[in-house]
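To start, the structure itself, in structure tokens.
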Amino acid sequence: MGTPAPRPDVRLDDGPMQSVTCTACAAQVLARKSSWDQTSVQWTEQALAACNERRQTLPPQERPNRNAFLGCSALKESIREAAVRGSLEIQDQDPLKTNPEGHQ
Amino acid sequence: MTEDTAVRRIEVDAAPTRFARGWHCLGLERDLSDGKPHQINAFGQKLVVFAGEDGAVNVLDAYCRHMGGDLSQGTVKGNEIACPFHDWRWGGDGRCKQIPYARRVPLRARTAAWPTMIQDGMVFVWNDPEGNPPPADVTIPRIPQVDSDRWTDWLWYETVIEGANCREIVDNVVDMAHFFYIHYSFPTYFKNVFEGTSAYQYMNGTGREDIRAARGGSSPVVLGTTSVAAYHGPSFMIDEVTYHYEDMDVDTILINCHYPIDSNSFVLQYGIIVEKKEGVSDDEAEQLAATTGKFIKYGFEQDVAIWKSKTKIDNPLLCEEDGPVYQLRRWYEQFYVDAAEVTPEMTDRFEFEIDTTRPNEAWRTEVEANLAARAATS
Ligand code: FES
Ligand SMILES: [Fe+2]
């Protein structure tokens with residue numbers, strides 16, 4: 001084939017993607033938070049198939065780019081909750097490196 | 001050596017040996033279907049694009065299968081392209097239809113014809129290194145605004161970029177910071193979503209006072225922009241930009257597309273249509289389209305200067321405030337492998353939203369410094 005395999009994001013060396021389950025539909029995704037306001041989400045085909053909001057059909061838009069699925073609000077909330085609980089790490093705070101005692 | 005003192009090495013993988021599978025826009029139908037043959041250098045080959053009397057736009061390999069004449073130097077006769085060397089007539093389906101001086105056309109008189117599509121005033125050609133026809137579900141979204149009286153006609157630009165592989169331009173879609181430094185915009189919201197064959201960029205920006213003042217003039221002040229841009233396939237991007245002015249919003253649709261000439265040069269094209277708002281005259285709308293076009297052209301020229309002098313880098317070192325460069329390249333890879341080799345990781349949905357707090361602090365400081373410096377010298 002000759003094409004080198006896609007490389008993983010270098011930033012994952014410092015903090016990998018972690019599993020999060022949606023409280024609404026039980027879809028499992030991988031998520032990573034750099035800060036409270038920065039999130040990445042890796043979906044799978046199964047997760048997308050499970051998502052309730054994804055299935056909701058909106059009236060088609062006349063605009064070429066406005067018919068795409070923007071994201072799931074229930075999942076967004078689940079990811080936030082996981083971060084609040086501490087089961088999803090936030091890179092920004094990095095308590096493990098600077099203050100190991102401050103993190104359970 | 002410790003992590004801190006080791007020099008990070010730039011890694012460069014072999015350049016791709018093929019051209020991307022997908023629909024590529026070659027230009028506007030109004031320009032290419034004027035009854036003349038057009039030479040297009042694309043995908044490492046020379047092609048001829050022509051429209052005959054039936055109006056169909058055809059794309060053929062430019063070299064005549066008789067003695068190698070260049071069909072793009074020929075003449076359109078009826079629905080066929082006539083070779084300038086011995087007048088063999090080639091149809092849009094790639095078959096030789098007639099040899100005026102011969103009793104009959106030899107068997108195997110067939111050349112390569114490329115699948116084409118006309119949509120919203122643009123001509124698309126399908127490239128597939130495996131030679132398969134375009135799958136029915138690989139499409140370019142319609143832009144109904146093109147046909148609307150309430151929108152201006154396409155303003156279209158074309159430029160040849162030498163000394164860079166077209167993948168450099170695709171990286172732009174995730175590169176938030178470069179929009180500040182290269183394109184003089186000020187992103188305040190930035191999110192990418194990749195899924196299937198599309199790669200989206202949601203970006204909101206605020207006006208830059210330091211640039212605005214420098215451009216001067218009596219043109220109305222842009223307070224901010226809202227943009228939804230997406231690559232649909234490897235080379236065709238639609239960008240819906242709303243410009244927020246003090247008194248109104250103006251909607252524009254931009255196209256940013258390219259086709260590779262070879263692995264080290266490509267043709268970049270961009271087009272603009274602008275909504276004719278209530279209270280905005282046709283002239284004003286055309287004027288806005290032209291001004292926007294000039295600004296985009298300026299931005300691309302700055303991109304090009306970077307591309308020409310930069311190195312290819314397959315292990316970019318990223319900070320948390322950078323966009324998903326690796327994941328974009330993983331998505332882009334799907335167009336360079338056989339259709340059967342496309343893996344779920346290339347096409348599965350991926351979302352990346354950047355926290356712009358820290359970048360915005362830094363940029364605000366820089367804008368203020370620029371304004372202060374200008375005030376001091378004037
Ligand atoms: S080479 Fe084309 S007709 Fe002879
Ligand atoms: Fe750019």
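Here is the naming used below: chain letters follow the sequence lines, and residue numbers restart at 1 for every chain.
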The interface call for A/R66 against chain B, heavy-atom contacts under 4.5 Å, is both
Return yes when atom NZ of A/K76 has more than 12 non-hydrogen atoms of other residues, nucleotides or ligands closer than 6.0 Å, and no otherwise.
no
What I want to find out is whether B/R330 reaches A/D9 closely enough, with some N-O distance under 4.0 Å, to be called a salt bridge.
no
Is the count of non-hydrogen atoms from other residues, nucleotides or ligands lying under 6.0 Å from A/R80 atom CZ greater than 12?
no
Most contact-rich option vs chain A, by heavy-atom pairs under 4.5 angstrom, among B/T357, B/D251, B/V325, is B/D251
Let's test your reading of the structure: which of B/E321, B/R329, B/Q327 forms the most heavy-atom pairs below 4.5 Å with chain A?
B/Q327
Out of B/I143, B/V228, B/V146, which one pairs with A/P64 under the side chain to side chain contact (heavy atoms under 4.5 Å, CB included) rule?
B/I143
Structural part of B/Y200 lying under 4.5 Å from a heavy atom of chain A
side chain
Quick check: are there more than 12 heavy atoms from other residues, nucleotides or ligands sitting under 6.0 Å from CG of A/D13?
yes
Indicate yes or no: at least one non-hydrogen side-chain atom of B/T347 is less than 4.5 angstrom from one of A/E45.
no
Output yes when a side-chain donor or acceptor of A/E62 lies under 3.5 Å from a complementary backbone atom of B/P144, and no otherwise.
no
Which of A/A31, A/P8, A/G71, A/A47 touches chain B most, by non-hydrogen pairs under 4.5 Å
A/P8
Say you draw a straight line from CZ of B/R142 to CZ of A/R63; how long is it, rounded to the nearest 0.5 Å?
15.0 Å
Contacts of B/D239 meeting salt bridge (charged side-chain N to carboxylate O under 4.0 Å, His left out) (sequence neighbours excluded), chain-then-number -> none
Should B/E345 and A/P6 count as side-chain neighbours, where that means a heavy-atom distance under 4.5 Å?
yes
One should read off an interatomic distance between B/I354 CD1 and A/T39 OG1, to the nearest 0.5 angstrom, of 11.5 Å
Yes or no on side-chain hydrogen bond (donor to acceptor under 3.5 Å, both in side chains) for A/S35 and B/D355, after CA distance, side-chain angles and deciding distance?
CA-CA 7 Å; A/S35 71; B/D355 179 354; 2.6 Å; yes
Side chain, backbone, both or neither: which part of B/F194 has a non-hydrogen atom closer than 4.5 Å to chain A?
neither
Heavy atoms only, distances under 4.5 angstrom: which of A/V29, A/L70, A/N67, A/L48 has the most pairs with chain B? Name it, please.
A/L70
Note: A/R11-B/E320 ion pair, threshold 4.0 Å (strictly below)
no
Smallest separation among heavy atoms of A/R7 and B/D314, with atom names
CD-O, 2.9 Å
Could you list the residues that satisfy salt bridge (charged side-chain N to carboxylate O under 4.0 Å, His left out) with B/E195, not counting sequence neighbours?
A/R54, B/R349
Would a 4.5 Å heavy-atom cut-off, applied to side chains only, mark B/R8 and A/V10 as touching?
yes
Measuring from B/F352:CZ to A/R32:CZ, what's the distance to the nearest 0.5 Å?
7.5 Å
Check this for me: B/E130, atom CD, are more than 12 non-hydrogen atoms of other residues, nucleotides or ligands nearer than 6.0 Å?
yes
Quick check on B/Q145 against chain A: is it the side chain, the backbone, both or neither that has a heavy atom closer than 4.5 Å?
side chain
Side-chain contact, heavy-atom cut-off 4.5 Å: A/V41 with B/F350?
no
For B/R150, look at atom CZ and say whether over 12 heavy atoms of other residues, nucleotides or ligands are found less than 6.0 Å away.
no
Determine whether A/D37 and B/E353 make a side-chain contact, defined as any pair of heavy atoms from C-beta on separated by less than 4.5 Å.
no
First locate atom OG of A/S34, then atom CG of B/D322, and finally report the distance between them rounded to the nearest 0.5 Å.
10.5 Å
